[in-house]
Each structure stands twice: as structure tokens, then as C-alpha cells.
Amino acid sequence: MCGIVGYVGSHVDGAALDVVMEGLARLEYRGYDSAGVALVADGTLATEKRAGKLENLRQAIIDHPLPPSSTAIGHTRWATHGGPTDTNAHPHRGGADGKLALIHNGIIENFHPLKERLVADGVKFLSETDTEVAAQLVAREYEADRDLTQAMLRAVAHLEGAFTLLAVHADSPGVVVGARRNSPLVVGLGDGENFLGSDVAAFIGHTRHAVELGQDQIVTITPDGYDVIGFDGEPTEARAYEVTWDASAAEKGGFDTFMEKEILEQPHAVADTLLGRVDPAGRLVLDEVRIPEERLRAVTRITIVACGTASYAGMVAKYAIEHWARIPVEVSLAHEFRYCDPIVDENTLVISISQSGETMDTLMAVKHARELGAQTLSICNTHGSTIPRESDAVLYTHAGPEVAVASTKAFLAQITAAYVLGLYLAQLKGGSHAEQATTILAELRGMPDKVQTVLDRMGRVKEIARFMADTRSVLFLGRHVGYPIALEGALKLKEIAYIHAEGFAAGELKHGPIALIEPGQPVFIVVPGPDTPHDLHKKVVSNIQEIRARGARTLVIAEDGDEEVVPYADEVIRVPHSSPLLQPLLTVVPLQVFALHLATAKGLDVDQPRNLAKSVTVE
Ligand code: AGP
């Protein structure tokens, strides 16, 4: 999704361009298909933009050097309106003299009527984007009083939709103005220089002092400071905070890919997400939950809204919360939530799960839930992002920055946070629920070591992945909490290895999908531990026999000591024993490693798979 960087410093040299290019490189993980920059220099505006990777922009700047400057904006674009071409790339110029440059993340929903009016007034458009409309509007407003902040304020009054906008003007050196509605923007504070970014990664190489902006706010940065006003024009306070991670945390740290690094960071992601959640008496403490305990005790139903991998974490959460806290839980894909006329009232807790905190589908579901009167709680990995700010309560995961498009460590952290929440709700219920919560919590604290054990055993999984580089289809089966893990295993393979993959509830096989099984078809099966209630283990072993009898190649993920699977397995991948509900933290790891190494064997770009963005900020 689009990445945005803004910079003003006190010296007119090459620094502004360097800072902005560095910021764009750090934001590459968001996914993009073109990039561009604009600089203010000596009363003129210089821009360069190119379709494709940042390298294309770098080469263009080498071929046509830009002048020294103290004021710059930069953008990586993920196309929505208009294809990924040089012309549609941002920045877009505004005004008859083309002296204003503007970049944008989001979608301006009413751009058609606005454009028609501007065209009728004689404005010429070069691109097919909605963004150019905003550039022309801000430029037109600038003519009234030549004040860029006031021009932005008047322009945003015309806009509907979601947007972060940054603008510079050739006649206003040393000033960058930003505006945000339903789209991310943070301020970075330096010494004699200030920054704007889609997230702190944009400026983390320069400062850890950041300022969170609220919805519908406009910020103006100069080398000496920043000012924030609301869309009503009134000055407003913004919260300053310190970023707790440094630039090296967002770099590969010697690994070939971010995804590999992030898979190996999973024991820490789980451990850090548990940190500070337990008081000396062993009871759970959730400082960030701002919903009063009595309100939480009154919760009669829970709806989880999320997308993709986060929704699979939500499915795991459903099994755990229902079992521990005995509260009915429904999981809804966030983009479907509004349209199914959800039954939600003030005794409903709507839990959103999102790594980025910016997924537009999830944000809109949260807003809808609030409109319906629900309590909203966000499980999120990104401080200062939009979804937690729009929610009544937040439970942050502490996975650190996740850069690879394919989510791995955030998934484990989301499941961990969901467990913590489930145990907390059980604790609030008291009685036997609370006692059980104490036992499970003790086991949960031992899970990071078990995740590490799984990682230490991945040699054979990597070999299998390499042998299977030519495979055209892989199936994944699981039951109970193994079912969402089967779905996640399939999603990982689809998104980074471009292989057709499907996840099924193993019990569903006989109702149709077993017809897909033909000799040699590889099938991963996530096997529950032998002590899982309701003879589930035996039932899954029967499912393995059924597909093996039809020629499937069975790749079985089973607990240490589970010998019953051996006669029916072509490969057995072992994970340590755990309580049934905690098993997903272990069984998903081999599936992540498998996808990573198969995609690598195919020579694919693991961190930035085609057509995908890390942060999906459009609906
Ligand atoms: C995961 O590998 C995917 N890239 C994707 O499904 C992702 O989990 C989904 O888009 C939700 O993102 P979020 O957690 O940032 O809201």
C-alpha cells in the first residue's frame, strides 16, 4: 500500500532527497508499483517519478540529477485509480504554474464530480488518478492567501473517502503540510529537521521521537517544529511518544529474506507478547484494556473481525475463548461484516485483529460495530495505527515490525494475545474458569521454548520443500484448532509460492474434497495430540488412512511420541506436546518454513510477492 515520506531540514543540500529516498526504501515492505519524489529548490519545484521498483527512480535521478534542497516529499504507489505508469505515479502537480506537488495514500471517493467541476473551470489533467484532483484543489486554494496549511484545510473540506495527503509548494520552502482521514500519518521530530511518514519506519534511521496524529487533522512541519490543527481549523494537541525499536529491527540482520528472519523471531514474538501481562500473584493484568471490568463481565457474545492470516488467528481464538470463558464467539471476515446485518449490541465485544492496524476492511468493520453500540477491542501490532485509535481498548502484540508481506511472527503473536484475552475473560468469570486460566497461563509461558524446538528441527522440512519446487497443488487438512492452521498453511503457499493450495477441515473431506485426491497428491495433515477430547486424534488418523488409500502423499505434523500416525505417513514432522488449544503456535511453524523454502527454490521474491501489499488500506 502507498508509502509516504516528508522532510524539512535547515540546510539546503542533498540531504532532503537522501532522507526521502531512504524512507521510501524502508517503506518498500508496504508493497508498491511506482515511486516518485518532489523537491522545493530556489523557488522552483523539481519532481521525478517512475513506474516499477525504487531502482527505476534511483536510475532516473542519476540520469537527471535533482537540485539541492531542504524540503522534499516522496511516495511509493500501489495503484488503485489508473494503472501503474510513470504518469500516474505520485507526486502530482497542481496549479496552472505546476508549482504545487502532492502525494496521497487512500481513495478519494468523490473525485469524479470534483474532477468534472475542475475540468469545467479549465483545469487540465494529466493522469487518471483521483490524487491529481486533490493536487489541483490544494493549488487552487493556495492562490487565495498563499498559505499552504490554510489551502490544505479548505481543500480537504471538499474531499470524501480515505486519505493521507502531503503537499509542498515552490513558493513555500521549508514547509511540508500533511492531512489525514482514515489513513496513516505520523510525525518524526529531529534536531533542526522534522519528518512525516506513513509509519515510523520512514524516519527511524534519524529519530525515535514521534507524534501520533488523530483523525481529521492537518500537520505543518518546518525545520523548527510542527503545528497540528483539526479539519475545523482549531489548534489541537497531538500525543508524542518514543519508538521502542530501532532501524536494525526493520533490517534483514544478515538473513536472505525478511520472512526467514521473522519466522526465526517467533519465540521472541510470543514471549514479548506475554511480557508484563502477569502480576506477582500470577494473575493476568491487561493495562491497555480501557473497558471497565463490569462491562466485560456483562459481555454475552463476541464477534471477531479480521482479514487473511489475522482471521485465522481469530478462528483459533474462537476455540480458545469459547472453551475457557464459555462466551459464544463468531468470526467474521471484516469485509463481509457490515453486509451480513450483524447482530451486535452493547453486550457484544467486537475484537479486531490486525498486524498493521491500517487494514481498511477491518477499520470499517470496527467503525460499524461502534455505531451499533458494541464494545470494541483491537489486537494490533502497530502502535499509533488507526484501528487501535478507533477502538475502546487495545491489546498490543509485541512482535516488532513485520516487513515481509507474508505474515508469520505477527500471526503467532496474535494467537498469543487472543489466548491472553480468553484467559483474562475466564479469570473475570472466576470459579473453575479462573483456576483453569492459571494452569493454562503457566503452560503458555513455556511455549516460546517449544516454538524454538520446532524451529531447530526444520532441516527435513526444508529438504522436502526443495524437492517439491515443481509441485502444482498442495492440500492441507486439520480439525479443531488444526483447521485454521490448515487454512494458514494453504494461504502461505498461495501468496509466496504461487501454488494452488487449499485448506480443509479434515472431517469435510468425505463430503466432496476427497475427489481431488489422486496418486501422488501431496497433503499436509495437522494431527491433534492423542489426548485431545472426543477421540479427535483417532478421527484424524482415520482421515489420513482414507487419503493414503487413494494414493495421497501424506506429510503429517504430529506430536512427539504419537506412533499411531507412523504407518500412514510418508513423512512425519514432529512438534513437542502441548495442550490441544495451544498447539497452533507449534504446528503452523513447519508450514511457514515449507512455504518459504519452496518459494525460494522457485527463485521467487519471498518478501514482496506479486500483486500483494503488506498493508491493505483500500476496501
Ligand atoms: C498474510 O500473510 C497476508 N499477507 C494477509 O492475509 C494479512 O494477514 C491481511 O491482509 C490482514 O492484514 P493485517 O493483519 O495488517 O490487518
Side-chain angles (χ1 to χ4, degrees), residues 1 3 29-31 78 182-184 198-199 201 257-260 262-263 266 269 273 304-317 331-337 351-367 378-391 394-397 399-418 476 484-485 487-499 501 503 588-589 591-596 599 604-619:
M1 211 52 43
Y29 74 87
R30 295 171 71 89
W78 190 77
N182 287 333
S183 184
S198 304
D199 63 55
T257 61
F258 279 110
M259 187 178 174
E260 182 182 10
E262 289 160 8
I263 287 174
Q266 294 188 110
T273 299
I304 298 177
V305 290
C307 302
T309 291
S311 75
Y312 303 147
M315 288 172 71
V316 174
V331 184
S332 181
L333 288 170
H335 38 85
E336 289 295 318
F337 177 70
I351 302 172
S352 60
I353 305 181
S354 174
Q355 187 286 131
S356 60
E358 301 294 350
T359 300
M360 185 58 79
D361 291 320
T362 309
L363 174 62
M364 290 303 158
V366 170
K367 288 187 165 192
S378 151
I379 292 179
C380 184
N381 195 44
T382 310
H383 280 257
S385 58
T386 306
I387 294 172
R389 294 170 62 84
E390 293 290 325
S391 302
V394 191
L395 182 52
Y396 280 113
T397 50
E402 189 177 70
V403 176
V405 165
S407 188
T408 54
K409 63 176 181 172
F411 180 60
L412 263 69
Q414 286 161 352
I415 293 174
T416 305
F476 296 78
I485 297 309
L487 295 174
E488 172 62 2
L491 178 60
K492 286 285 93 76
L493 206 55
K494 281 184 253 202
E495 69 179 329
I496 64 165
Y498 315 149
I499 287 179
V588 74
V589 175
L591 301 181
Q592 299 166 336
V593 173
F594 175 75
L596 166 69
L604 298 172
D605 183 344
V606 168
D607 287 334
Q608 289 180 43
R610 68 187 179 200
N611 304 337
L612 290 175
K614 180 66 178 164
S615 182
V616 184
T617 53
V618 291
E619 277 187 275

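In listed order, ligands and their atoms are each counted from 1. What you see is a predicted model, and the numbers here were worked out from it, not measured in a lab. The first residue of the sequence shown is numbered 1, and numbering continues consecutively from there.
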Notebook entry, point to check: Where does E495 meet ligand 1, judged by heavy-atom distances below 4.0 Å: at the side chain, the backbone, both, or neither?
Noted result: side chain
Check: Under 3.5 Å, side chain of D607 to main-chain N/O of M259, donor-acceptor pair present?
Finding: yes
Check: Can you find a heavy atom in the side chain of V616 that is under 4.5 Å from one in the side chain of E358?
Finding: no
Next item on the list: Compare all side-chain heavy atoms of I499 with those of K494 and state whether any distance is below 4.5 angstrom.
Entry: no
Checklist line | Closest candidate by heavy atom, reference atom 11 (C) of ligand 1, pool G308, P609, C307 | finding: C307
Notebook entry, point to check: For ligand 1, is there an atom lying under 4.0 Å from some heavy atom of K492?
Noted result: yes
Next item on the list: Look at atom 4 (N) of ligand 1 and say which protein heavy atom is nearest, naming residue and atom and giving the distance to 0.1 Å.
Entry: V405 O, 3.0 Å
Check: For the side chain of K409 and the backbone of A399, is there at least one donor-acceptor N/O pair under 3.5 Å apart?
Finding: yes
Notebook entry, point to check: What do you reckon, does T309 have a nitrogen or oxygen under 3.5 Å from a nitrogen or oxygen of ligand 1?
Noted result: yes
Checklist line | A406: numbered ligand 1 atoms lying under 4.0 Å from its heavy atoms | finding: 2 (O)
Checklist line | Pick from T359, I496, I387, L612: the one approaching atom 16 (O) of ligand 1 most closely through a non-hydrogen atom | finding: T359
Note to self: Distance under 4.0 Å to a non-hydrogen atom of S407: what atoms of ligand 1 satisfy this?
What the structure shows: 1 (C), 2 (O)
Item checked: Proximal ligand 1 atoms for Q355, defined as those under 4.0 Å from one of its heavy atoms -> 13 (P), 14 (O), 15 (O), 16 (O)
Notebook entry, point to check: What are the atoms of ligand 1, with element, lying closer than 4.0 Å to any heavy atom of A310?
Noted result: 8 (O), 14 (O)
Margin query: Closer than 4.0 Å to some heavy atom of S354 - which atoms of ligand 1 meet that?
Written below: 13 (P), 14 (O), 15 (O), 16 (O)
Next item on the list: Would you check if Q266 and V589 make a side-chain contact, meaning some heavy-atom pair closer than 4.5 Å?
Entry: yes
Note to self: If you define the side chain from C-beta out and look only at heavy atoms, does anything of K492 sit under 4.5 Å from V588?
What the structure shows: no
Margin query: Within the structure provided, determine whether V403 and E262 are in side-chain contact (heavy-atom separation under 4.5 Å).
Written below: yes
Next item on the list: Give the atoms of ligand 1, by number and element, whose distance to some non-hydrogen atom of S356 is under 4.0 Å.
Entry: 13 (P), 15 (O), 16 (O)
Check: Can you find an N/O atom of V616 closer than 3.5 Å to an N/O atom of ligand 1?
Finding: no
Next item on the list: Report yes if the side chains of Q355 and T382 come closer than 4.5 Å at any heavy-atom pair, otherwise no.
Entry: yes
Next item on the list: May I ask you to test the I496-L604 pair for a side-chain heavy-atom distance under 4.5 Å?
Entry: no
